[in-house]
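Computed from heavy atoms alone, side chains included, the values below leave out hydrogens, waters and symmetry copies. What you are looking at is a predicted structure, and each value in this text was computed from that prediction instead of being measured.
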Amino acid sequence: MPYTDRVDYVAAMNCNVGYAMTVEKLLGLEVPERAEFLRVVVGELNRISSHLVAVGAMPMDLGAATPFMHALRERETINDLFEMLCGARLTYNYVRIGGVSFDLPPGFTEKTAAFLDHFESMMRSEFDPLISQNLIYRRRLAGVAPISAATAIAYGLSGPNLRASGLDWDLRQDEPYSIYPKLEFDVVVGTGEVGVLGDCFDRYAVRVGEMLQSVRIVRQCLERMPDGPVMAKVPRTIKPPTGEAFVRTEAPRGELGYFLVADGSDRAYRCKIRTGSFASMSILEALSPGWMIADLVAIIAAFDVVAPEIDR
Amino acid sequence: MDLISILIVVAKVAFVLIVVLHFGALMTWAERKQAALIQDRIGPNRINILGVKALGLIQIMADGLKMIMKEDFIPAGAHRLYHTLAPAIAMFPALVALAVVPFGPSFDVAGRHIELQVANLDVGILFVLAVSSLGVYGIALAGWASNNKYSLLGTVRATAQMISYEIPMGLAIIGIVMTYGTLEMNKIVELQGEYFRLGGLPILPKWGIFYQPLGFVLLFTALIAETKRTPFDLPEGESELVAGFNVEYSGMKWGMFFLGEFASIVVVSALVATLYFGGWQIPYVNLMALPALPRVLLGVATFFGKVIVLCWLQLLVRWTLPRFRYDQLMHLGWKRLMPLAIANLPLTAAWIWMLGGMKS
């Protein structure tokens, strides 16, 4: 389980959850409801922090250093929250097969709620006027390297990069898992508001929109959090029966799929991980010809790739 | 020219040089602190001498010391002479351009009339334009002599950018020349001490900004582009070109580019303050009526106060905006600024004609 933290170190929680779900599917294990809620809370908080890195790094690659600092300042608070929860700030190893490792510490709910309020107002009053509405920034991204929905599907793009092309496809709604069916949120899709549908600005705008949706999800979860245990009863050594399982979840960088083959021992016979960044990078060769070097910087930044995810 | 006159000139040169270089150094500190302020950080606050931190000001000394002590590296295949010469040439125009900027009111002492300006040229503004154009040579030499593809790309960008933006810059300045009818910087400042009057009451000082608001915006934009800082920092766009034309420079040579950049910010501010904000004039205060000493002190303080505000404005721009793309840069320069600058001229002419001719 700790290894899955490293698949995408910017969104380690989401990687944990995917792996745990795959093993649970092999075991046929039922996870306590409170644990499911906690998984969604940390997953969505991690989605916010991951997207913050993305929308902060994009302006920085385009020459504006300030928004990055503002974005990372908010991310710090999320790291603090996770530190309260599990003691780690980057590679959490919080999710366990059968549940999560710790219940909420006292004060976590209040602090999270305060952060969400602060975050929402920060996005509106600081981040949007500073960079989202910035004329130079919009012009730099508008119409750059548009991807049509058909091309996006052909190259296996997923997550925000796919939705930026105008396609309403989100595993949390279209192939629901965990407690997502019980939650209310919108799927943010690209609109081509400043240029062409599926351009770099859409990829940016989708991420900004998704963060605000994640805020909604976390709020609902905190409100409806049931009582109960956070771990199911699992044996000390987990030996899934022979067989194979595939589970895909909606991670911040696209669909994160785990394919596990078990041979009856306590180790996986085979484990294949499908990541979003890998697919995103594959389209680069087809997409980049004809654009300027400065645009290439914007294109790569807009895909929000993280290196270990490309290294498959 | 007798010995004392020569001494006076030398003293003025020394004063301007010292002030500009110190301003440049202080700007590095101001930039760090301002950036930290915008980005919700603290900025330099650790470095100290025997516990004296002085708000991080000691950082400047540490930076200077670091740059001097670093290895002065000339890459293989570089042209040694040009590589060494380039930083000096890049820094030179910024310092020379200040020679014609009056930084205080004139005064008489011991029977001599002293003007606080290194050289009172008849063609002051032309001189500034000519010298600032020279800046491009330093950059061009630096990039070419480094024998590095990124340097060369940066140089090409820098050259194209500086030449493009010089045209709107020149045209915007012509507006000022038309308004005040002189190329002499000194005269321009003097004329800005007068007022638009309504029924004999002074309403507004006759500052360039009130005559030429459009010209001010154009000139300021073009001048920021000339300093090659964000949003016009394409020549050094670090995500594309590593560091642009100065990528092969280290130690104090790089430091000279760096200092040159900050010195040019000061020059830009000094120029704009002189042409558009009345130089050393304080609105509604007749400095020339005061005795020599307070007049000079107040005048010089006012001038540098204006310079500091304009420098600060440039820092704010630097830390707020992202970088243009090359085609957008050219678009802005040729298709936006230039037509506006040309349109500004007949507008100015009509304005002067309507006012019945502005006589100096």
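- Other residues, nucleotides and ligands contribute at most 12 non-hydrogen atoms within 6.0 Å of the CD atom of A/E285.
- Interface check for chain B: of the options A/I136, A/L135, A/L72, the most heavy-atom pairs under 4.5 Å are formed by A/I136.
- The environment of A/F108 atom CZ is dense: over 12 non-hydrogen atoms of other residues, nucleotides or ligands sit within 6.0 angstrom.
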Quiz item: Stepwise, does the side-chain contact (heavy atoms from CB on, under 4.5 Å) test hold for A/R140 with B/R323?
Solution: CA-CA 8 Å; A/R140 277 297 302 271; B/R323 184 183 309 131; 4.2 Å; yes
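- Side chain of A/H70 to backbone of B/D40: no donor-acceptor contact under 3.5 angstrom is found.
- Within 6.0 Å of the CD1 atom in B/I42, the count of heavy atoms belonging to other residues, nucleotides or ligands does not exceed 12.
- Between B/R325 and A/R139, the closest heavy-atom pair is NH1-O, 4.2 Å.
- Using a 4.5 Å heavy-atom threshold, the side chains of A/N134 and B/L321 count as touching.
- Between the side chain of A/T66 and the backbone N or O of B/T320, no donor-acceptor pair lies under 3.5 Å.
- Open room surrounds CH2 on B/W312; 12 or fewer heavy atoms of other groups in view lie less than 6.0 Å from it.
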